[in-house]
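Reviewing the structure listed below.
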Amino acid sequence: MTAHFNLNIVPFVSVDHMMRLVLKVGIETFLTELAMVIEEDFCRWEQFDKTPRVASHSKEGVIELMPTSDGTLYGFKYVNGHPKNIGNGYPMLLSEMTFLTALRTAAMSAIAAKHLARPNSKTMAIIGNGAQSEFQALAFKAIVGVTELRLYDIDPSATERCARNLAGKGVTIKACSSSQEAVEGADIITTVTADKQYATILSDNMVGPGVHINAVGGDCPGKTELHKDILLRSDIFVEYPPQTRIEGEIQQLDADYPVNELWQVIAGKREGRQSERVITLFDSVGFAIEDFSALRYVRSKLEETGLYVDLDLLADPDEPRDLYGMLLRCEAHLRAV
């Protein structure tokens, strides 16, 4: 029987499937053919993106990301080695992160504004009305109390779609014809454009005193949205400085330019906004702890909702040093049935 893959569905090979696959092909054939494929790829070594594995070490162990691409396909493996971990060290959750990343980014933006924007900020401009815009709008409504949105995108259809999606969600919406029009009277300005380039979505003269800027779109090297002079006039707050200096708006500044760490404000270790007239800027690039929080939250909702499936994801031999024996036991079971 030949499998026909649905390109919209990701095939998952469970532990049981993997053992059956090896046994069906034959272990020596599997090893021989696998070696041939490895040799093929080593013969085109120069086509591959190559980077040392990205490792996060702790006293208890390590988790490593091992990525590569040949320009057509992308693959990665996560390696988890925590032999002394509490419990059994097994993964606790595997989740899609497309929607969840949009949600955690919006929630993080609103948290920053809750601590940095002027009290009773009600009006927000959103410049860039792509995939993030609705999530940002709803997070600011729910967490900050924003009730009026001023939308602008260079593509009017994106603004129309955003306004249509947010209809009836409890916010007043004005579609604007320019970024200048969008920021007029705004307490909060969110920039969330998509193009990977050094851009000036906000110029210095567009930002008045007391505004809070939520800079979301500058999130990788070579991509910014704000004129440098805005940064020099603002109190800048970031998630993790070593990452933001590479990816955020502050890549435009000297490496030792002083910035504030947002966690200290949230934890009450330092003040956020210093006055009504200061410009506050959250230079958001996204950080791993936010994803950790998002996954921890989703996991807490699973038992009550039942919205998950169990995956046979982990090889679990009775004796960890006898992985081959687990394959032999599977073969014996298949013969018996």
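A quick note: this is a predicted structure, and the numbers were derived from the prediction, not measured. FYI, side chains are in, hydrogens and waters are out, and symmetry mates aren't considered; it's all heavy atoms of this structure.
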Under a 4.0 Å threshold between the charged nitrogen and the carboxylate oxygen, would [Y] count as salt-bridged to [X]?
| X | Y | value |
| --- | --- | --- |
| Glu181 | Lys174 | yes |
| Asp155 | Arg161 | no |
| Arg335 | Glu331 | yes |
| Arg20 | Asp16 | yes |
| Arg44 | Asp70 | yes |
| Glu148 | Lys122 | no |

Keeping the roles fixed (side chain from [X], backbone from [Y]), state whether a donor-acceptor pair exists under 3.5 Å.
| X | Y | result |
| --- | --- | --- |
| Ser69 | Leu73 | yes |
| Gln274 | Gly272 | yes |
| Gln251 | Gly248 | yes |
| Thr159 | Asp153 | yes |
| Arg118 | His212 | no |
| Glu225 | Thr193 | yes |
| Arg277 | Gly210 | no |
| Ser121 | Ala117 | no |
| Glu249 | Leu226 | yes |
| Arg273 | Ser275 | yes |

Which atoms form the tightest heavy-atom contact between [X] and [Y], and what is the distance?
| X | Y | answer |
| --- | --- | --- |
| Glu239 | Asp283 | OE1-O, 4.0 Å |
| Tyr257 | Ile236 | CE2-CD1, 4.1 Å |
| Ala182 | Arg150 | O-NE, 3.0 Å |
| Leu166 | Ala137 | CD1-CB, 3.7 Å |
| Asp204 | His227 | N-CB, 4.2 Å |
| Ile279 | Ile213 | CG2-CD1, 4.1 Å |

In Å, rounded to the nearest 0.5 Å, how long is the span from [atom1] of [X] to [atom2] of [Y]?
| X | Y | atom1 | atom2 | answer |
| --- | --- | --- | --- | --- |
| Tyr78 | Met66 | OH | CE | 12.5 Å |
| Cys176 | Ile127 | SG | CD1 | 9.0 Å |
| Arg329 | Leu334 | CZ | CG | 13.5 Å |
| Ile188 | Ser109 | CD1 | OG | 10.0 Å |
| Tyr308 | Arg299 | OH | CZ | 10.0 Å |
| Arg53 | Leu65 | CZ | CG | 10.5 Å |

Any heavy-atom pair between the side chains of [Y] and [X] that's under 4.5 Å?
| X | Y | value |
| --- | --- | --- |
| Thr105 | Val216 | yes |
| Val238 | Asn260 | no |
| Thr200 | Met206 | no |
| Pro67 | Thr51 | yes |
| Leu327 | Ile27 | yes |
| Arg104 | Ser293 | no |
| Val54 | Glu64 | no |
| Ile173 | Val171 | yes |

Near [X] [atom1], under 6.0 Å, is it more than 12 heavy atoms from other residues, nucleotides or ligands?
| X | atom1 | value |
| --- | --- | --- |
| Ile154 | CD1 | no |
| Glu96 | CD | yes |
| Tyr297 | OH | no |

Aromatic ring proximity, centroids under 6.0 angstrom, Phe287 and Tyr240
yes
Mind checking whether [X] and [Y] sit in one hydrophobic cluster, side chains of I, L, V, M, F, W, Y counted as touching below 4.5 Å?
| X | Y | result |
| --- | --- | --- |
| Leu232 | Ile230 | yes |
| Val144 | Leu116 | no |
| Val22 | Leu31 | yes |
| Phe42 | Leu34 | yes |
| Phe237 | Met108 | yes |

Step by step, would you call Val211 with Asp187 a side chain to side chain contact (heavy atoms under 4.5 Å, CB included)?
CA-CA 5 Å; Val211 167; Asp187 302 304; over 6 Å; no
Apply the test side chain to side chain contact (heavy atoms under 4.5 Å, CB included) to residues Glu33 and Val37: give CA-CA distance (whole Å), side-chain angles for both, the deciding distance (0.1 Å), then the verdict.
CA-CA 6 Å; Glu33 292 179 348; Val37 174; 5.7 Å; no
Donor-acceptor side-chain pairing of Asp235 and Thr280 below 3.5 angstrom
no
Looking just at side-chain N and O atoms, do Asn129 and Glu160 make a donor-acceptor pair shorter than 3.5 Å?
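Judged by distance alone, the side chains do not pair up.
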Show your reasoning for whether side chain to side chain contact (heavy atoms under 4.5 Å, CB included) applies to Thr191 and Ile126.
CA-CA 6 Å; Thr191 58; Ile126 303 181; over 6 Å; no
In sequence, state the C-alpha distance, the side-chain angles, and the governing distance for Gln180 and Val183, and then conclude on side chain to side chain contact (heavy atoms under 4.5 Å, CB included).
CA-CA 6 Å; Gln180 178 70 57; Val183 303; 4.3 Å; yes
Using the ring of each side chain (for Trp, its six-membered ring), is Phe76 parallel, tilted or perpendicular to Tyr74, with breaks at 30° and 60°?
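Correct class here is tilted.
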Criterion side chain to side chain donor-acceptor pair (under 3.5 Å) on Gln136 and Asn214, from CA distance to verdict:
CA-CA 10 Å; Gln136 293 281 329; Asn214 177 42; 3.0 Å; yes
